[in-house]
Amino acid sequence: MKSEPYAYSIKDLKNEVETLWDGIRNYQARNFMRSMKIGDKAFFYHSNTKPPGIVGLMEIIETKLVDPYQFDESSKYYDKKSNRDNPRWDCVKTKYISEFKNMLTLNELSETYTSEELTLVRKGNRLSIMPIKKEIALEILKKLEKN
DNA sequence: GCCAACGTTGGC
DNA sequence: GCCAACGTTGGC
């Protein structure tokens, strides 16, 4: 799950412990979020920064929550086409697990994995939430725990 | 700042 | 339903 560190970083999550993963306004990303289950783990990825990469680990602690900002006219995430009876956008709540001592950069990930193995490294990929194969996730986790 | 790779919008 | 124009994301 990507976040620009200027907007919300792994340090912010560490301080707050839990956060609503709101502001997702892309159907594909939303659908991936909808498929999440309580107890699932997710990597926290810093995007649009130098260097981008995986910086931490978190857990999904609540699912299928209505994203409140879609009804907030003052929010940049306001969506006038959404309605309360059938909200268009939902989100999950995540909980901090750990911040890695050394981040795993996108550059390192691209050198290690093909885009078939890891969607994240696909050229031009803009999805802010995407699934990861379990065996790849475990491999990455092992690598991160070693450093 | 550039641009690839989308996603969205709206006219038809 | 098609598609041109435009907007967004995010790496480089």
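The model shown is predicted, which means the values in this text are computed figures rather than measured ones. Letters A, B, ... mirror the listed sequences (proteins, then strands); counts begin at 1.
Evaluation of the side-chain hydrogen bond (donor to acceptor under 3.5 Å, both in side chains) rule for A:Y27 yields A:R88 as partners, not counting sequence neighbours.
In A:Y69, the OH atom is not crowded: 12 or fewer heavy atoms of neighbouring residues, nucleotides or ligands sit closer than 6.0 Å.
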Verdict with reasoning, A:D72 to A:Y77, per side chain to side chain contact (heavy atoms under 4.5 Å, CB included): CA-CA 8 Å; A:D72 180 355; A:Y77 298 120; over 6 Å; no
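Aromatic pair A:W21/A:F44: ring centres closer than 6.0 Å.
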Contact pattern, 5' to 3', of nucleotides 1-11 of chain B - B, S or - by protein heavy atom under 4.0 Å: ---SBBSS---
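Salt bridge annotation for A:R34-A:D90: present, with a cationic side-chain nitrogen under 4.0 angstrom from a carboxylate oxygen.
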